[in-house]
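Worksheet: the structure to be examined is printed underneath.
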Amino acid sequence: MKKILILGGTGFVGRHVCEKLDPLQWHVTVPTRRPDKAQHLLLHPLLDVVVMDVHNEAALTQLMAGHDVVLSLVAQLHGNEASFNRLHVELPQKIAHACRATGVNRLIHISALGADNQHPDAAPSIYLRSKGRGEAVLKQAQHLALTLLRPSVMFGAEDKFLNRFAQLQRLFPLIPLAGADTRFQPVWVEDVAQAVLHCLLDNSSVGQTYELCGPDVLTLKQLVQLAGRLSGIRGGKGRPVISLPRALGKIQAGLLELAPGEPLMSRDNLDSMQIDNVASGKLPGLAALGIQAGSVSGIAPNYLGNGMASDHLRDLRRHAGRR
């Protein structure tokens with residue numbers, strides 16, 4: 001029986017990966033500092049939740065011993081340079097050290113579309129620069145049998161992307177939008193999880209970097225409009241979306257950073273959107289993994305109509321009510 005260590009197993013992608021591992025009857029270990037965030041994983045009979053801090057290299061090394069494969073799924077979208085560096089660069093370095101110490105060489109690492117491990121400092125945002133540096137750290141670890149996955153923005157039933165745009169349109173009569181013309185190629189989280197599973201089962205993925213993107217290329221404005229229509233806002237018309245010039249967009253992003261909860265958009269997110277978030281065409285994608293990508297228009301209607309409200313939007317309502 002194979003043993004899989006999943007770092008980030010309680011997150012958006014991680015929970016889908018855990019579900020897909022069930023039929024394989026492999027033993028899965030998921031470390032977390034927040035056991036309350038792992039309650040949904042307790043349903044998996046061969047999965048152990050271990051309470052620990054993965055940033056503690058000694059503890060990580062001890063836990064990793066005896067496993068066959070490590071899945072590195074840890075990431076954050078919002079933060080400052082120090083927090084991005086800690087999570088996206090220093091943690092991969094600790095993972096590489098722990099792999100060397102324990103003799104575990106197989107590693108599948110989720111990065112981000114737009115990351116560049118050869119020229120990480122050329123990226124327009126702190127987030128993308130940290131992702132590129134994290135890849136570079138792992139590529140330099142010659143003992144690793146490494147696969148890199150670079151997904152575009154992910155959507156799915158629990159996403160904090162389309163759901164938030166839909167909820168905003170339930171709250172406000174129009175949506176001023178920074179970065180409205182930036183193009184995205186959204187990928188279904190289930191397809192990303194399936195890609196992880198494929199790479200686990202197929203050793204030909206070792207040494208490869210895959211760009212995980214869906215079939216649709218849409219601007220951010222089009223995605224916001226689609227979220228409104230699919231949610232039935234204003235009789236299926238959605239709210240008007242007003243494109244903001246970059247200077248006003250920076251102000252909007254700065255104000256969103258001050259709102260309670262995780263921000264919908266930060267100034268660093270806006271910096272990332274200086275480049276389109278679409279496949280380069282130079283690297284293999286989901287089709288190379290035998291996966292027919294699901295489309296936003298085909299998947300999102302199944303969950304956007306349910307009126308799902310994120311914690312962030314509930315916080316906004318409470319904040320507005322106190323004024």
Side-chain angles (χ1 to χ4, degrees), residues 5-14 30-34 37 52-64 70-102 104 107-144 146-154 160-161 179 192 196 209 211-212 250 253-254 256-258 261-275 277:
L5 176 62
I6 306 182
L7 308 179
T10 63
F12 186 39
V13 179
V30 176
T32 180
R33 287 185 297 179
R34 295 282 305 277
K37 298 289 187 181
M52 64 161 286
D53 181 0
V54 297
H55 294 278
N56 183 326
E57 189 174 330
L60 177 62
T61 302
Q62 183 178 7
L63 181 66
M64 191 180 293
V70 177
L71 306 183
S72 171
L73 315 180
V74 181
Q76 68 179 31
L77 188 58
H78 306 287
N80 55 31
E81 187 161 10
S83 64
F84 280 138
N85 188 65
R86 180 172 183 261
L87 207 64
H88 297 161
V89 185
E90 294 175 8
L91 181 57
Q93 191 167 47
K94 291 173 182 176
I95 293 170
H97 291 166
C99 284
R100 179 183 289 277
T102 58
V104 179
L107 175 65
I108 299 171
H109 176 74
I110 289 192
S111 181
L113 194 66
D116 183 349
N117 55 61
Q118 295 184 339
H119 307 286
D121 293 338
S125 67
I126 303 170
Y127 170 79
L128 286 175
R129 290 193 290 273
S130 70
K131 281 292 192 178
R133 290 169 187 153
E135 286 189 9
V137 164
L138 296 176
K139 293 277 284 186
Q140 290 163 9
Q142 298 297 317
H143 59 285
L144 290 178
L146 176 66
T147 301
L148 293 174
L149 302 177
R150 294 175 177 169
S152 180
V153 61
M154 287 181 271
K160 296 180 180 179
F161 181 57
V192 176
V196 172
T209 298
E211 293 182 330
L212 308 185
K250 276 285 190 180
L256 287 171
E257 290 174 19
L258 300 175
E262 185 179 341
L264 178 67
M265 185 184 294
S266 68
R267 285 167 291 181
D268 193 64
N269 295 153
L270 193 57
D271 287 339
S272 291
M273 288 192 285
Q274 291 182 50
I275 57 174
N277 194 246

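Every heavy atom of this structure was used, including side-chain atoms; hydrogens, water molecules and symmetry mates were not. The first residue in the sequence is number 1, and the count goes up from there. Treat the numbers as computed from the prediction; the structure is a model and nothing was measured.
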Open item on the list: For a quick check under 3.5 Å, do Asn269 and Ser266 share a side-chain donor-acceptor pair by atom type?
Closed with: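 Present: a donor and an acceptor within the cut-off.
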TODO: Verify side-chain contact (heavy atoms from CB on, under 4.5 Å) between Thr10 and Val30, making sure each step is shown before the conclusion.
DONE: CA-CA 8 Å; Thr10 63; Val30 176; 4.1 Å; yes
Using every non-hydrogen atom in the two residues, find where [X] and [Y] come nearest and quote the distance to one decimal.
X	Y	answer
His88	Ala75	NE2-CA, 3.6 Å
Leu128	Leu113	CD2-O, 3.6 Å
Met154	Phe161	O-CB, 4.2 Å
Ser72	Ile95	OG-CD1, 3.7 Å
Gly134	Pro92	O-CB, 4.0 Å
Val13	Ile110	CG1-CD1, 3.8 Å

Is the count of non-hydrogen atoms from other residues, nucleotides or ligands lying under 6.0 Å from [X] atom [atom1] greater than 12?
X	atom1	result
Lys139	NZ	no
Gln76	CD	yes
Gln274	CD	yes

Report yes if the side chains of [X] and [Y] come closer than 4.5 Å at any heavy-atom pair, otherwise no.
X	Y	value
Leu87	His55	yes
Asp121	Arg133	yes
Leu91	Arg86	no
Leu149	Val192	no

How long is the gap from [atom1] on [X] to [atom2] on [Y], to the nearest 0.5 Å?
X	Y	atom1	atom2	value
Ser125	Glu81	OG	CD	11.0 Å
Lys160	Glu262	NZ	CD	4.5 Å
Met52	Thr32	CE	OG1	10.0 Å
Ile6	Ile108	CD1	CD1	10.0 Å
Leu7	Met64	CG	CE	6.0 Å

Task: Check: Arg267 main-chain N/O paired with Glu257 side-chain donor or acceptor under 3.5 Å - done: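 Yes; at least one donor-acceptor contact below 3.5 Å.
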TODO: Not counting sequence neighbours, which residues clear salt bridge (charged side-chain N to carboxylate O under 4.0 Å, His left out) with Arg150? List them please.
DONE: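 With sequence neighbours excluded, Arg150 shows a salt bridge (charged side-chain N to carboxylate O under 4.0 Å, His left out) to Glu135, given in chain and number order.
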Open item on the list: For a side-chain contact (heavy atoms from CB on, under 4.5 Å) check, start with the C-alpha distance between Ile126 and Asp271, then their side-chain angles and the critical distance, and finish with the verdict.
Closed with: CA-CA 8 Å; Ile126 303 170; Asp271 287 339; over 6 Å; no
Task: Audit row: Lys131, Phe84, side-chain contact (heavy atoms from CB on, under 4.5 Å) steps and yes/no - done: CA-CA 8 Å; Lys131 281 292 192 178; Phe84 280 138; over 6 Å; no
